[in-house]
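Below is one structure, written out as structure tokens; comments come after it.
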Protein chains: 2
Amino acid sequence: MKALEEKISQEGQVLPGNVLKVGSFLNQQVDSVFLKEMAKETRRLFSGEGITKILTVEASGIAFATAVAMEFSVPMVFAKKHPSANVSGEQYSASVFSYTHKKTYNVAVTKEYLTSKDTVLITDDFLAGGNALKGLIDIANQAGAKIAGCCAEIEKGFQGGGDELRARGYRVESLAIIESMNEKGITFRK
Amino acid sequence: MKALEEKISQEGQVLPGNVLKVGSFLNQQVDSVFLKEMAKETRRLFSGEGITKILTVEASGIAFATAVAMEFSVPMVFAKKHPSANVSGEQYSASVFSYTHKKTYNVAVTKEYLTSKDTVLITDDFLAGGNALKGLIDIANQAGAKIAGCCAEIEKGFQGGGDELRARGYRVESLAIIESMNEKGITFRK
């Protein structure tokens, strides 16, 4: 998505440790008008797949998943990372290593919110090593749901997670794929 | 909002410890079609206030804030609860006790995303003791932003946080206000 590549080039900041800061429009501060454009593009990519649910993981994945779910007019479900008093009942769960937070989380979805009747589109803000998506794929498989594919707003192609999932046969679409980045600039995959 | 009261009555479950589980449509699983209706009602309530930004706190507040921001076509900013590698720069921060998680968090917003030029609408999924909203009000005041008001999807009126903020002069609108609840049923404020 050309407009996203331009926005990343203009507003993104490359921080030490392969961290891309896009807090001005994509997370922490979310440009809601642009978010809707990204959601529309995601719908275009996955239309005709019979999507019944959008699946993501808290916290920064929720804004994009919400917008995509609104475009598809289907429910959005987010996996929780932390035990919570308002979660009850049996859960599907998976272990996820967070690149951003440098630790392993247990992520969980209440069983009643994901079933074998669902065709899910798994979304997230970032796709780097692919750990969050792998955890969500694991959860969708536990539920017996059909996985239509995965869509990240930004994929760090050089970290390999997206290509690993593609090699396993999953359809992975990312709205922008970064081939390389450093303090001097950002290059996108053609 | 009558439709929300009906949905809470139909799908909500009262759990021990004054916990209302509405995960089937409001958090964990989010009914995106209904979410848009709630966002439209929120826009109706606060139209004409010159809102420039929607402010919330991660994680379960993000879906509602995103939908509201899309209705207003303004950015959504969420306070972060956890230190993160992709957050840099100076932060406004406040301490918040989470009723759901039974612990105190530090919540923070990067200074550049909230300024004295902003008129903010503070939103959250739940309003109970009001601690999250108080923390967000604190942050908005640190930024010198104008606070147009607060809007929660569901207020637990009997926990007093909303009325305390109203008594302090803030405009607090909640789409549904629960006056009392127990295993037998839920009563809404007239």
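The chains referred to below are lettered A, B, ... by the order of the sequence lines, with proteins before strands, and numbering in each begins at 1.
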Mind listing the closest non-hydrogen atom pair of A:Ala63 and B:Ile62 along with its distance? N-CG2, 3.7 Å
Checking A:Gln29 side chain against B:Met76 main chain: does a donor-acceptor pair fall under 3.5 Å? no
Heavy-atom closest contact (B:Tyr113 atom, A:Gly23 atom, distance): OH-C, 3.0 Å
Under the 3.5 angstrom rule, does the side chain of A:Ser32 hit a backbone N or O of B:Pro75 as a donor-acceptor pair? no
With a 4.5 angstrom heavy-atom cut-off, is it the side chain or the backbone of B:Val74 that approaches chain A, or both, or neither? backbone
Kindly determine whether A:Val30 and B:Val77 satisfy side-chain contact (heavy atoms from CB on, under 4.5 Å), including the steps that lead there. CA-CA 6 Å; A:Val30 175; B:Val77 174; over 6 Å; no
Residues in salt bridge (charged side-chain N to carboxylate O under 4.0 Å, His left out) contact with A:Glu179, at least two apart in sequence or another chain: A:Arg189
Side-chain donor/acceptor of B:Ser73 to backbone N/O of A:Val33, under 3.5 Å: no
Interface residue of largest heavy-atom contact number with chain A, from B:Ala65, B:Ser24, B:Ala67, under 4.5 Å: B:Ser24
Can you tell me which portion of A:Ala108 sits under 4.5 Å from chain B's heavy atoms? Options are side chain, backbone, both or neither. backbone
What pairs meet the salt bridge (Lys or Arg N to Asp or Glu O under 4.0 Å) rule with one or both residues in residues 126-152 of chain A, with sequence neighbours excluded? A:Lys134-A:Glu164
To the nearest 0.5 Å, tell me how far B:Thr110 OG1 sits from A:Lys21 NZ. 5.0 Å
Indicate the atoms forming the closest heavy-atom contact of A:Ala79 with B:Gln28, along with that distance. CA-NE2, 4.3 Å
Residue, of B:Leu114, B:Asp31, B:Thr66, that accumulates the most heavy atom pairs under 4.5 Å with chain A: B:Thr66
Does B:Ile177 share a hydrophobic cluster with B:Tyr170, counting links as ILVMFWY side-chain heavy atoms below 4.5 Å and allowing steps through other members? no
Neighbour count above 12 (heavy atom, 6.0 Å) for B:Lys111 NZ: yes
